[in-house]
Amino acid sequence: MSTMTLSATPGTILYGISLERQAGGLVYTPVMRRGICSHDLPDIAAQRFRAQLGAFGPDLVILQFGKNEAGWDRYTLQKHLSGIHWMASNLKAACPDAVLLLFGPGPRINTWANPPTVFPSIFEMNRAQRQLAERGTAVWFDSFTALGGEAGFKDMTSRGLVMSDYVHLTVQGGDILGDIFVDALLEAYGEWLLDECCL
């Protein structure tokens with residue numbers, strides 16, 4: 001058994017810590033802070049972030065932002081994209097060959113609306129993230145469509161796969177989305193391998 005001590009100056013915000021054994025193969029590291037929005041990313045010290053990211057050396061970084069921001073009363077698309085651009089530029093500087101994958105926001109139902117419907121900002125964010133992917137800034141996964149859009153999401157809620165807040169997936173719902181995502185990722189990888197072999 002190993003022990004470790006972390007120390008930081010007063011006021012330091014810890015966004016995440018990764019402890020793992022690098023034995024080769026696929027290594028998955030979830031580094032997250034609940035409730036963070038993409039517009040919070042530029043508050044991170046860029047030089048230190050680049051140094052840590054460079055030391056870690058990821059091949060793929062997956063960002064999932066949007067659902068929290070959709071219900072934020074001060075949301076703007078400009079603020080949403082500011083964090084994504086910040087991540088893309090710092091990732092490029094630290095790890096030029098790494099890929100940024102934007103995991104687009106799935107449905108979030110505005111339960112205050114009559115009738116309850118998806119926040120319009122969800123569509124706006126997905127459209128903007130898709131455009132970033134088309135320009136080569138990132139790769140984009142359409143989790144909104146993967147979950148069946150608004151109707152599919154409401155159906156998942158009635159089946160206990162989405163929490164009653166109409167925002168968060170349950171563990172079982174997350175497993176379903178995870179399976180869909182992995183299938184799409186492996187299919188894209190298979191197509192890339194075919195393209196590489198045929199060159």
Side-chain angles (χ1 to χ4, degrees), residues 11-16 30-50 52-53 58 60-96 98-154 156-157 162-169 173-174 177 180-181 184:
T12 298
I13 298 172
L14 182 64
Y15 284 94
V31 179
M32 56 83 76
R33 179 179 171 205
R34 289 183 60 133
I36 191 171
C37 295
S38 64
H39 63 257
D40 294 320
L41 290 176
D43 293 337
I44 301 171
Q47 291 300 86
R48 183 170 293 167
F49 178 80
R50 288 182 185 184
Q52 292 173 346
L53 199 58
L60 174 67
V61 171
I62 302 173
L63 287 184
Q64 182 182 23
F65 289 111
K67 280 198 173 188
N68 287 334
E69 291 159 287
W72 190 50
D73 60 353
R74 288 171 288 164
Y75 158 82
T76 67
L77 183 61
Q78 181 181 3
K79 287 179 180 177
H80 173 70
L81 292 177
S82 69
I84 294 173
H85 287 301
W86 183 92
M87 175 59 83
S89 63
N90 282 291
L91 178 61
K92 189 73 173 171
C95 306
V99 174
L100 175 61
L101 189 154
L102 300 174
F103 202 95
R108 176 177 178 173
I109 307 298
N110 181 356
T111 55
W112 297 284
N114 188 14
T117 188
V118 173
F119 280 93
S121 50
I122 293 286
F123 299 105
E124 181 180 62
M125 285 184 269
N126 274 315
R127 196 166 37 251
Q129 289 185 19
R130 183 179 67 244
Q131 289 168 353
L132 289 176
E134 289 168 352
R135 291 198 294 268
T137 303
V139 178
W140 178 66
F141 176 72
D142 184 1
S143 68
F144 187 92
T145 300
L147 291 171
E150 181 173 350
F153 198 67
K154 287 179 176 177
M156 288 179 71
T157 304
V162 175
M163 295 182 187
S164 58
D165 62 4
Y166 286 94
V167 180
H168 299 96
L169 297 171
L177 180 58
I180 294 169
F181 171 66

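Only this structure's heavy atoms are used, side chains among them; waters, hydrogens and symmetry mates stay out.
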Which atom names give the shortest non-hydrogen contact between L169 and G174, and what distance separates them? CB-N, 3.8 Å
Expected output: side-chain D40 to main-chain C37 donor-acceptor under 3.5 Å: yes
Which residue pairs satisfy the salt bridge (Lys or Arg N to Asp or Glu O under 4.0 Å) criterion with at least one member in residues 122-135, sequence neighbours excluded? R130-E134
Set of side-chain hydrogen bond (donor to acceptor under 3.5 Å, both in side chains) partners for T76, sequence neighbours left out: none
In Å and rounded to the nearest 0.5 Å, what is the CD1 to CG distance from I180 to L147? 6.0 Å
If the condition is side-chain hydrogen bond (donor to acceptor under 3.5 Å, both in side chains), which residues does E150 pass it with, not counting sequence neighbours? T117, K154
Mind checking the CG-NE2 spacing from L81 to H39? Nearest 0.5 Å is all I need. 12.5 Å
Using only heavy-atom distances, determine whether the side chains of E69 and S121 contain a donor-acceptor pair under 3.5 Å. no
Roughly how far apart are S89 OG and I84 CD1, rounded to 0.5 Å? 12.0 Å
Using the ring-ring contact (aromatic ring centres under 6.0 Å, His included) criterion, which residues pair with W86? Sequence neighbours excluded. F49
Within residues 70-82 or reaching into it, pairs that qualify as salt bridge (Lys or Arg N to Asp or Glu O under 4.0 Å) - sequence neighbours excluded: none
Taking atom CE of M125 and atom CZ of F65, what is their separation to the nearest 0.5 Å? 11.5 Å
Would you name the heavy atoms of V167 and F153 that are closest together and state the gap between them? O-CZ, 3.7 Å
Pairs of donor and acceptor atoms involving the side chains of residues 98-109, under 3.5 Å and at least two apart or interchain, shall be tabulated with distances.
residue, atom, partner, partner atom, Å
R108, NH1, K67, O, 2.6

Let me see the working for Y166 and T157 under side chain to side chain contact (heavy atoms under 4.5 Å, CB included), right down to the final yes or no. CA-CA 7 Å; Y166 286 94; T157 304; 3.7 Å; yes
Heavy-atom distance under 4.5 Å between the side chains of V118 and F144, does that happen here? yes
H80 and Y75 aromatic ring geometry - parallel, tilted or perpendicular at 30°/60° bounds: tilted
Quick one: pull up NE2 in H85 and OG1 in T137 and give me the separation to the nearest 0.5 Å. 6.5 Å
Gap between atom CZ of F119 and atom CH2 of W72 - 0.5 Å precision: 14.0 Å
